[in-house]
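In what follows, a structure is listed as structure tokens, so that the remarks can point back to it.
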Amino acid sequence: MALYVITDGNKNYIRRDIDGKYVAARSRALADEFLEKWKAEKVLKNNLTPKKRKLYRVVEEDVGFTVVKKPEQDHLENPKAEVNPERLTVSPQIDDLRKKIEGVKKFIDDAENRRSELSDLLSNTDKEITDIQHYIEFSDIDGDDIASTYDMLKTRLKNRRQIKNELSVLRQLGECKMDASMFGDLLTVISDLDNKTYVPRVLTSLFN
């Protein structure tokens, strides 16, 4: 059996307060739970501000399972904490998916950084070309100066073309709507699987 909650994936959840307004809560225990996905999506669409609607999403959870901190974190914060023996294990297939997603996320991060770097290079190259053009306009040049000025201008024009070509590819990539944060959310979901454990509903003695 599954239930649904509305979360931003960063430990913030949506709950309904005593005035009937849907507000953010920092605790999973306070989150409103929905037995049907369409009801959660209706709240997300109709009861949250446009700004919050962009940040939050509906997430499915298994009833009886919860996400806990990793054992080493528990040990640091509470030396007496015991590791739950019913912790789930992630399959090799999911671990393989994690590695592929990490690779895609790195690719997108690198592309975004490169696009920013190229934009700065293009701006600087444009300024250099403008300087050379004004030098030609306001100076009386001849002989070797003409050749060296020509070479300077040609080099920068060729660099500018290469920068613009690479930028056009990266901008087209951006049109694919792949955002690094989306893959970051995916990695969070997989990380939560690593830390998911079963919490007994009634027969707690079976798990002691």
(request) Report yes if some heavy atom in the side chain of Lys11 is under 4.5 Å from a heavy atom in the side chain of Arg26; otherwise report no. (result) yes
(message) Using modelled atom types and a 3.5 Å cut-off, is there a donor and acceptor pairing between side-chain atoms of Asp19 and backbone atoms of Lys21?
(response) no
(message) I need the Asn47 CG to Asp32 CG distance, nearest 0.5 Å.
(response) 10.5 Å
(message) Quick check: do Tyr13 and Val23 have side-chain heavy atoms less than 4.5 Å from each other?
(response) no
(request) Can you sort out the partners of Asp140 under salt bridge (charged side-chain N to carboxylate O under 4.0 Å, His left out), two or more places apart, ordered by chain and number? (result) none
(request) Name all pairs fulfilling the ring-ring contact (aromatic ring centres under 6.0 Å, His included) condition that reach into residues 125-182, sequence neighbours left out, sorted by first residue then second. (result) His134-Phe138
(request) Kindly give the heavy-atom pair with the smallest separation between Tyr4 and Glu36, and that separation in Å. (result) CD1-C, 3.8 Å
(message) Show the nearest heavy-atom pair for residues Ala40 and Ile6, with the distance to one decimal.
(response) O-CD1, 3.5 Å
(request) Please answer whether the main-chain N or O of Asn12 pairs with a side-chain N or O of Asn10 as donor and acceptor at a distance below 3.5 Å. (result) no
(request) Measure the OG-CD1 distance between Ser123 and Ile163 for me, rounded to the nearest 0.5 Å. (result) 10.0 Å
(request) Taking the side chain as every heavy atom from C-beta outward, state whether Arg15 and Tyr22 have any pair of such atoms under 4.5 Å apart. (result) no
(request) State which residues pass side-chain contact (heavy atoms from CB on, under 4.5 Å) with Ala24; sequence neighbours excluded, sorted by chain then number. (result) Lys52, Tyr56
(request) Only counting residues at least two apart or in another chain, list the ones meeting side-chain contact (heavy atoms from CB on, under 4.5 Å) with Gln162. (result) Asn159
(message) For Ile146, give me all partners under side-chain contact (heavy atoms from CB on, under 4.5 Å), at least two apart in sequence or on another chain.
(response) Ile141, Asp142
(message) Using 0.5 Å steps for rounding, measure from the CD atom of Glu137 to the CD atom of Gln133.
(response) 9.0 Å
(message) Between Val59 and Ile14, is there shared hydrophobic-cluster membership here, with clusters defined by ILVMFWY side-chain heavy atoms closer than 4.5 Å?
(response) no
(message) Once side-chain hydrogen bond (donor to acceptor under 3.5 Å, both in side chains) is applied, do any residues pair with Lys100, and if so which ones, sequence neighbours excluded?
(response) Asp96
(request) For the residue pair Arg28 and Glu61, establish whether any side-chain heavy-atom pair is separated by less than 4.5 Å. (result) yes
Please set out all donor-acceptor pairs under 3.5 angstrom arising from side-chain atoms of residues 164-171, sequence neighbours excluded.
unit_1, atom_1, unit_2, atom_2, d
Asn165, ND2, Arg161, O, 3.4
Glu166, OE1, Arg114, NH2, 3.1
Glu166, OE2, Arg114, NE, 2.8
Ser168, OG, Asn165, O, 2.6

(request) Not counting sequence neighbours, which residues clear salt bridge (charged side-chain N to carboxylate O under 4.0 Å, His left out) with Lys127? List them please. (result) none
(request) Can you run down the salt bridge (charged side-chain N to carboxylate O under 4.0 Å, His left out) pairs that involve residues 145-159, sequence neighbours left out, and say none if there aren't any? (result) Glu128-Arg156
(message) Taking atom CG as the centre, does Asp120 end up with more than 12 heavy-atom neighbours from other residues, nucleotides or ligands that are less than 6.0 angstrom away?
(response) yes
(request) May I have all residue pairs that pass ring-ring contact (aromatic ring centres under 6.0 Å, His included) and include part of residues 23-43, sequence neighbours excluded? (result) none
(message) Tell me the closest heavy-atom pair linking Leu44 and Arg53, and the distance in Å.
(response) O-CD, 3.0 Å
(message) I need the Leu121 CG to Glu117 CD distance, nearest 0.5 Å.
(response) 5.5 Å
(message) Rounded to the nearest 0.5 Å, what separates atom CG in Leu55 from atom OG1 in Thr49?
(response) 8.5 Å
(message) Hydrophobic cluster membership, with links at side-chain heavy-atom distances under 4.5 Å among I/L/V/M/F/W/Y: are Val43 and Val58 in one?
(response) yes
(request) With sequence neighbours excluded, tell me which residues meet side-chain contact (heavy atoms from CB on, under 4.5 Å) with Asp109. (result) Lys105, Glu112, Ala180
(message) List the residues meeting salt bridge (charged side-chain N to carboxylate O under 4.0 Å, His left out) with Arg57, not counting sequence neighbours, and say none if there are none.
(response) Asp185
(request) Treating Ile, Leu, Val, Met, Phe, Trp and Tyr as nodes and any side-chain heavy-atom pair under 4.5 angstrom as an edge, say whether Leu3 and Leu30 lie in one connected cluster. (result) no
(request) Decide yes or no for Lys106 and Glu102: does some side-chain heavy atom of the first lie under 4.5 Å from some side-chain heavy atom of the second? (result) no
(request) Please round to the nearest 0.5 Å and tell me the distance separating atom CG of Leu153 and atom OG of Ser148. (result) 11.5 Å
